[in-house]
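Just below is one structure, and these are the notes that go with it.
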Amino acid sequence: MALSIPEIQKAAWRCPSNIALVKYWGKKGKQLPANASLSFTLADLYTETTLLCTREHPGTLVVYLDGVHQPAFEPKILEFMQRIGDLLPWLTEYGFSVATMNNFPHSSGIASSASGMGALALCMAEIHARLNNQSMDFVLASNLARLGSGSACRSIRGAVSMWGQHDDYPDSNDQHAIAVDALLHPVFQGWMDAVMLVETGSKSVSSTQGHALLSEHPYAAARFQEANRNMSRLKRILQEGDIPSFVALVESEALQLHAMMMCSSPSYMLMQPQTLSIIQKIRSFREQTGIPVVFTLDAGANVHVLYAGQQHKHLEETLFVDLAKDCERGRYICSNIAAGSASLT
Ligand code: PMV
């Protein structure tokens with residue numbers, strides 16, 4: 001290798017989570033999406049990771065979460081490092097220590113894999129840039145994040161991010177996400193997400209298993225087509241500020257994701273009775289007040305409630321008090337929708 005490899009390298013990044021409006025569910029090839037997807041970035045739900053590379057014991061890895069050694073996390077990260085070896089040939093020269101913390105519960109259906117893999121990918125991209133005397137390459141970071149966890153590639157840049165080749169989105173591609181903040185009509189600016197924490201334990205079926213079930217799924221082709229059509233519709237909706245169509249599309253996407261799970265073989269369900277209770281309460285609140293509150297779901301039981309930031313105080317005093325009754329220990333977490341990745345050094 002022509003590069004001179006220093007004894008020690010260190011990088012530290014914060015990376016936010018994201019919530020998809022049009023869902024990525026099903027993959028092809030090497031971690032490429034079966035359909036395009038679009039997400040809002042959750043700036044206040046993030047992972048912070050410090051990556052330390054030393055030449056002393058090449059090939060080794062130690063992972064700490066909140067300062068506690070987590071051997072259970074190591075195989076996934078080692079596999080990730082092998083997968084990206086051709087992009088970052090210097091990886092074989094180092095041993096690694098990864099120290100990470102989330103400011104939200106992990107394995108809760110809040111995408112800790114997205115923010116976690118995103119933060120690690122950002123650290124690696126920074127070290128890669130330094131070793132090659134180049135400037136930070138966020139396209140590379142998004143590409144690396146995708147290879148760790150598909151949806152992670154949408155957390156790297158922008159408040160609104162899309163991933164997957166789609167004819168209506170210039171420069172879109174399957175390898176990395178692009179920021180599409182410019183699409184947002186002013187009525188969607190300053191929106192927020194309140195995540196209702198119905199269940200904060202580990203999921204019964206992981207996303208990896210869920211994606212795999214799409215390969216034999218009777219409705220997979222129809223779903224991928226509908227998701228791509230929804231990407232076209234959503235582009236118009238975001239540009240025109242068409243809130244009623246936004247509500248209908250986003251809620252339909254969430255339910256389609258879970259419908260695909262329910263009619264997978266074997267079938268499974270990640271929603272809990274409280275999930276449905278929250279959904280019903282959101283719909284009746286919207287009907288009664290005319291305030292546009294919109295639910296969406298990740299691959300878990302928690303409910304994401306999207307709403308205009310001006311309504312925050314009012315909703316905290318009304319709807320959220322009611323929804324919190326269905327949450328584990330009455331807990332929910334609010335986040336601004338904004339770009340959020342940042343170097344911590
Ligand atoms: O990134 P993965 O492989 O964990 O898949 C996550 C997929 C969903 O969160 C359910 C949808 C999405 O587009 O984020």
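Remember, it's 1-based here, ligands and their atoms both numbered in the order they're listed. Residues: numbered from 1 along the sequence shown. Computed from a prediction, not measured in an experiment: that's the story for all the values here.
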Exercise for review: Using distance alone, with no hydrogens and no angle criterion, decide if S343 and T345 have a side-chain donor and acceptor under 3.5 Å apart.
Suggested key: yes

Study note, to complete from the structure: The atoms of ligand 1 lying under 4.0 Å from a heavy atom of G150, numbered in the order shown, are 1 (O)

Review point. Heavy-atom distance under 4.5 Å between the side chains of V98 and V62, does that happen here?
Key: no

**Study point:** Atom indices of ligand 1 within 4.0 angstrom of R154 heavy atoms, with elements
**Key:** 12 (C), 13 (O), 14 (O)

Study note, to complete from the structure: Atoms of ligand 1 under 4.0 Å from any heavy atom of D298, numbered from 1 in the order shown, are 8 (C), 9 (O), 10 (C)

Review point. Considering distance alone, does some N or O of Y24 sit under 3.5 Å from an N or O of ligand 1?
Key: yes

Review point. Of the backbone atoms (N, CA, C, O) and the side-chain heavy atoms from C-beta on, which set of S151 has a member under 4.0 Å from an atom of ligand 1: side chain, backbone, both, or neither?
Key: both

Review point. Is there a donor in the side chain of T100 and an acceptor in the side chain of T49, or the other way round, less than 3.5 Å apart?
Key: yes

Practice item. Take M124 and F80, measure what side chain to side chain contact (heavy atoms under 4.5 Å, CB included) needs, and give me the verdict at the end. Key: CA-CA 12 Å; M124 288 173 165; F80 168 55; 4.0 Å; yes

Practice item. Classify the angle between the aromatic ring planes of F246 and F40 as parallel (below 30°), tilted (30 to 60°) or perpendicular (above 60°). Key: parallel

Check your understanding: At a 4.0 Å threshold, what atoms of ligand 1 neighbour a non-hydrogen atom of S149?
Key -> 1 (O), 2 (P), 4 (O)

Exercise for review: Could you check S17, S161, S37 and say which one makes a side-chain hydrogen bond (donor to acceptor under 3.5 Å, both in side chains) with R154?
Suggested key: S37

Practice item. Applying side chain to side chain contact (heavy atoms under 4.5 Å, CB included), run through H166 and S232 and close with a yes or a no. Key: CA-CA 9 Å; H166 193 291; S232 300; 3.2 Å; yes

Practice item. Any atoms of ligand 1 less than 4.0 Å from a non-hydrogen atom of A20? List them with their elements. Key: 12 (C), 13 (O), 14 (O)

Check your understanding: Quick one: which ligand 1 atoms are inside 4.0 Å of a heavy atom on A299?
Key -> 10 (C)

Check your understanding: Is any N or O atom of H211, backbone or side chain, closer than 3.5 Å to an N or O atom of ligand 1?
Key -> yes

